[in-house]
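Just below is one structure, and these are the notes that go with it.
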4 protein chains.
Amino acid sequence: MPMSARHQRRQARRDERRDELKQAAIEIFHEHGYHAARVSQIVKKVGVAQGTFYLYFEGKQQLFAEIISDFLERVVTTVASWEPGAIDSREDLRDELTRVGLMLTHELLNHELSTAIFFNEAMAVAPELNELIRHFYETLQAMLSDFNRILCQRGLIAPMDFTILASMTIGMVERVIMERVVYGTLNEVEPRAIVDHLVMHFLTGTLEAIGPASRAGVPEDEEQPTDAALPLKA
Amino acid sequence: MPMSARHQRRQARRDERRDELKQAAIEIFHEHGYHAARVSQIVKKVGVAQGTFYLYFEGKQQLFAEIISDFLERVVTTVASWEPGAIDSREDLRDELTRVGLMLTHELLNHELSTAIFFNEAMAVAPELNELIRHFYETLQAMLSDFNRILCQRGLIAPMDFTILASMTIGMVERVIMERVVYGTLNEVEPRAIVDHLVMHFLTGTLEAIGPASRAGVPEDEEQPTDAALPLKA
Amino acid sequence: MPMSARHQRRQARRDERRDELKQAAIEIFHEHGYHAARVSQIVKKVGVAQGTFYLYFEGKQQLFAEIISDFLERVVTTVASWEPGAIDSREDLRDELTRVGLMLTHELLNHELSTAIFFNEAMAVAPELNELIRHFYETLQAMLSDFNRILCQRGLIAPMDFTILASMTIGMVERVIMERVVYGTLNEVEPRAIVDHLVMHFLTGTLEAIGPASRAGVPEDEEQPTDAALPLKA
Amino acid sequence: MPMSARHQRRQARRDERRDELKQAAIEIFHEHGYHAARVSQIVKKVGVAQGTFYLYFEGKQQLFAEIISDFLERVVTTVASWEPGAIDSREDLRDELTRVGLMLTHELLNHELSTAIFFNEAMAVAPELNELIRHFYETLQAMLSDFNRILCQRGLIAPMDFTILASMTIGMVERVIMERVVYGTLNEVEPRAIVDHLVMHFLTGTLEAIGPASRAGVPEDEEQPTDAALPLKA
DNA sequence: GATGAATGAGTTTTCATTCAT
DNA sequence: TATGAATGAAAACTCATTCAT
């Protein structure tokens, strides 16, 4: 059933306005937080009447949930793009981790506001939403656990509790991203450097130096501890 | 200036009631979240009148802030108990990390509700509180960065960006604690095992097996990847 | 920029409703006094919801201030209509005083409730409002002082402290109006008689009889004190 | 029935504390107004506990009423001291008016705070109190009307509506006192000068100059309008 | 589709007063 | 007498949502 051109145009305009409202909402939610955000501020930003809002969204909370949902979907999609198939060595692993890490980082940095909203507000809005978020983390953990198990089977990582490992990995990434997006602490660090640190820490903890990415705080002049100094467990 | 016995008794009763109210508030905040929590629920739980609440606290928000502040203080105090002085080897380091990790874990698990409230709600209450939390993370990061720098100078960890490293460490710990406290995912895992994973991941990433702590998901029977299979960077 | 007919209609309805609410508020404030008056009583009287009130006014206090402000403005406007230009004799003066007096009296009696509210409540609501009232009295006094000064220069009134004179005049008028509006004491006295008394008292104090306006309490039959008996100061 | 010395001492201490509290209340009522005044502020000022207040007064409102009542009584007593007996000439009248006027003025200025409270707040506290005040004004008016009637019978003042005259007189006095006590406008004017103006205005309106008391605003250098210029009604 | 006026439920907080100690 | 902790009623105001135009 082909739609009429007229209907299509209408639909396009509808979608456009919907996006406008959603974008405005993201900005307002980011600025004030969910609870202090007012629907009146959102519609004012777009320049439409209060009632118009409800032509496009069921309500404030549903819109917030949608924003969070969009965000979660982007993250899952990105992480799911992992391709374990061709990974045969630790080099391959590092490269693949770096690839996915960069994708994820770019994704999150490209949607800074949503990212910040997610970390700051999402858990404090409504029980239903918490369910959604819980489900997201479960999915993520399952995916990572599975990956890790595969890697372990291939002898690429040591055996351990992969659920805990998954949590640790998620936490590392999350916190680093938060620092950058929410607080701006790591703004002057290249995303690449961040990803390098994440990947290397996953691979070798604090065993290996991460050279070129180093910045302030690294004792450059001082004699670097040699690898030899690192007593690897037999 | 010795207080009269009468005054002392009064003060003691005052403190007791204050604690009662605070504890009730923690439970209510945990159950409903800050915004859905009602002062009326708190006083009902303690069995006092509405007005009594305001004899002990300036208001709902101030009480919440105090609860969070208590929490943050406990964490900082615990982390600050780190003693880098006598650490001369990676073994020492592992032991000290384990010691502090266990303390912190116990601390957090002993105040599960506050911990959960902090992770879920704290950022979504009020800008002033966000300031406090921001300051907390800055303190924590500064402490960890300094530790890492010392460790590096002693050749115990490799050089890298210690700010990023600090964030990663904080994130790892946070996420694992959250999983346990907020979602109950890791409830059947011994705190000791959790700490072992955190410490080992900090030290060697995924290079080394964490044996006895292993649980579901770990391919016990399968041939373990040997250390030899792990290509350490030259 | 001509407004659409639709917009005009809306605005008209808006103004109407606003007036309705203000009028209801005047009645409630008059009946209960500012502090005992409830917003709920006001909206009930008009038959709208509680929230509607706040579409038209910032709050209870702001509405009260507006009512008082309206009142003060009417008074000042009336008093400012004084025309000293053509006054050359005491007869002229008496006529002009009578004219302005009647206008003011009518104005106040036409807004009895506001007048009563002003005298009873206005000073006990808020410091900001007291400022406004203070300014009102200052304006009034300045106007009257100036008038008196002009009259004195023309030889129509004797020299004295015109600030005190202004205060006395204001007080005379106020009290007489209060008696009538707040207490209903002088309800059966014609406004004209009231004004005659005010004017004559301003002009000659208790020197001259005010005949036809006399009512109960005046010893009609008794021998009137003759003017001769009045020892005018040399 | 003679009280024991012990009981007397107790009663004295009681009265003292009661007065202390009342005085503190006057200051607080003056500073904040009745509605914004807090019982807690009053007891704090005296340095006793909250409960103590209720050992001496039934409550906030009753105390306020008592303060107002004290005030009204002082005024009535003063005005009632009028002695019309020996007044046979306008000179006598002027002297007696001046005497009473000075007494009243001193009375009010000696209790500035109560006076200010009365004018600003008294009508806006409670209906019962308004009754009291109404009664006060009725008493005052009756007294003045009677006085005026006597004066008229003796040929000392012209016939007119003595109720209106009483109101005018009360208003004149009130307003002048208010200006001084509430706003401080006439602070640099001698009480004596104020009373002179009041008395002269009562006697001759604006017919006669009030010389030595004149201050700023009086055209001293300019030719004074002569009495001859004042066309007295035949 | 768009508007924006109207709705009204819902909650924190204050403070005069009481009363057990 | 004095204390001060406890009481609890009471009210202004907000804002998400609706619906007649």
Side-chain angles (χ1 to χ4, degrees), chain A residues 10 13-14 17 35-44 46-63, chain B residues 4 6-7 9-11 13-14 17-18 35-43 46-63, chain C residues 4 6-7 9-11 13-14 17-18 35-44 46-63, chain D residues 10 13-14 17 35-44 46-64:
Chain A
R10 267 198 188 152
R13 218 172 298 155
R14 222 189 126 73
R17 173 144 293 185
H35 285 95
R38 306 291 168 224
V39 173
S40 59
Q41 296 171 318
I42 297 171
V43 296
K44 192 177 180 185
V46 177
V48 297
Q50 194 94 345
T52 306
F53 180 88
Y54 293 88
L55 296 174
Y56 295 94
F57 303 100
E58 282 166 43
K60 181 184 169 185
Q61 184 174 313
Q62 179 263 348
L63 169 54
Chain B
S4 72
R6 176 173 176 170
H7 185 267
R9 233 177 307 123
R10 266 201 185 144
Q11 188 59 37
R13 216 172 299 158
R14 243 193 104 76
R17 174 139 292 184
R18 195 173 194 281
H35 286 95
R38 307 287 168 229
V39 173
S40 58
Q41 296 171 319
I42 296 171
V43 295
V46 177
V48 295
Q50 194 88 351
T52 305
F53 179 87
Y54 294 89
L55 293 177
Y56 295 94
F57 304 100
E58 282 166 44
K60 181 182 165 187
Q61 184 174 312
Q62 180 260 349
L63 170 53
Chain C
S4 72
R6 176 173 177 168
H7 185 266
R9 234 178 306 124
R10 267 201 184 144
Q11 188 59 36
R13 217 170 299 158
R14 243 192 106 75
R17 174 140 292 186
R18 196 173 194 282
H35 285 96
R38 305 291 167 224
V39 173
S40 59
Q41 296 171 319
I42 297 171
V43 295
K44 192 175 181 185
V46 177
V48 295
Q50 193 92 348
T52 305
F53 179 87
Y54 295 90
L55 294 176
Y56 295 94
F57 304 100
E58 281 165 43
K60 182 183 166 185
Q61 184 174 313
Q62 179 262 347
L63 170 54
Chain D
R10 264 200 190 150
R13 218 174 297 152
R14 221 191 125 73
R17 174 143 292 183
H35 285 95
R38 306 291 167 224
V39 173
S40 59
Q41 296 172 317
I42 296 171
V43 295
K44 191 176 180 185
V46 176
V48 297
Q50 193 93 348
T52 306
F53 180 87
Y54 293 88
L55 296 175
Y56 296 94
F57 303 99
E58 282 167 42
K60 181 185 170 186
Q61 184 174 313
Q62 180 262 347
L63 169 53
F64 186 84

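In what follows, chains are A, B, ... by sequence order, proteins preceding strands, each numbered from 1. Small disclaimer: the values here were computed from a predicted structure and weren't measured. These numbers come from the heavy atoms of this one structure, side chains and all, not from hydrogens, waters or symmetry mates.
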Measure the [atom1]-[atom2] distance between [X] and [Y] for me, rounded to the nearest 0.5 Å.
| X | Y | atom1 | atom2 | value |
| --- | --- | --- | --- | --- |
| Arg18(B) | Leu55(B) | CZ | CG | 11.5 Å |
| Phe57(B) | Ile42(B) | CZ | CD1 | 8.5 Å |
| Phe53(D) | Leu63(D) | CZ | CG | 4.5 Å |

Do any side-chain nitrogens or oxygens of [X] fall under 4.0 Å of OP1 or OP2 in [N]?
| X | N | answer |
| --- | --- | --- |
| Arg13(C) | dA5(E) | no |
| Thr52(B) | dT7(F) | yes |
| Tyr54(B) | dT14(E) | no |
| Arg14(C) | dA5(E) | yes |
| Arg17(B) | dA6(F) | yes |

Across the strands shown, which category fits Ala36(D) at heavy-atom distances under 4.0 angstrom: base, sugar-phosphate, nothing?
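Contact class for Ala36(D): none.
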Pick base, sugar-phosphate or nothing for Gly59(D), based on heavy-atom distances below 4.0 Å to the nucleic acid.
sugar-phosphate
Can you tell me how far [atom2] of [N] sits from [atom1] of [X], to the nearest Å?
| X | N | atom1 | atom2 | result |
| --- | --- | --- | --- | --- |
| Gln50(A) | dT21(F) | CD | P | 20 Å |
| Glu58(A) | dT18(F) | CD | C1' | 15 Å |
| Gln41(D) | dC15(E) | CD | C1' | 11 Å |
| Gln61(B) | dT13(E) | CD | C1' | 14 Å |
| Phe53(A) | dT3(E) | CZ | P | 14 Å |
| Ile42(D) | dT17(E) | CD1 | P | 11 Å |
| Lys44(A) | dG4(E) | NZ | P | 13 Å |
| Phe57(B) | dT12(E) | CZ | P | 15 Å |

Map Leu55(B) and Arg9(C) onto DNA chain F by nearest heavy atom, then report which one ends up closer to the 5' terminus.
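The residue mapped nearer the 5' terminus is Leu55(B).
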[X] has a side chain; which of [options] sits nearest to it?
| X | options | answer |
| --- | --- | --- |
| Arg10(C) | dT13(E), dT3(F), dA5(E) | dA5(E) |
| Val39(A) | dA16(F), dA16(E), dT12(E) | dA16(F) |
| Ala49(D) | dT3(F), dA6(E), dA16(F) | dT3(F) |
| Tyr56(C) | dG1(E), dA16(F), dA5(E) | dA5(E) |

Donor-acceptor contact present, side-chain [X] to main-chain [Y], <3.5 Å:
| X | Y | value |
| --- | --- | --- |
| Gln62(A) | Glu58(A) | yes |
| Gln11(C) | His7(C) | no |
| Lys44(C) | Val39(C) | no |

Map Gly47(C) and Arg38(B) onto DNA chain E by nearest heavy atom, then report which one ends up closer to the 5' terminus.
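Mapping each residue to its closest nucleotide by heavy atoms, the 5'-most match is Gly47(C).
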Opposite nucleotide pairing with dT7(E), Watson-Crick or G-U, both atom distances under 3.5 Å
dA16(F)
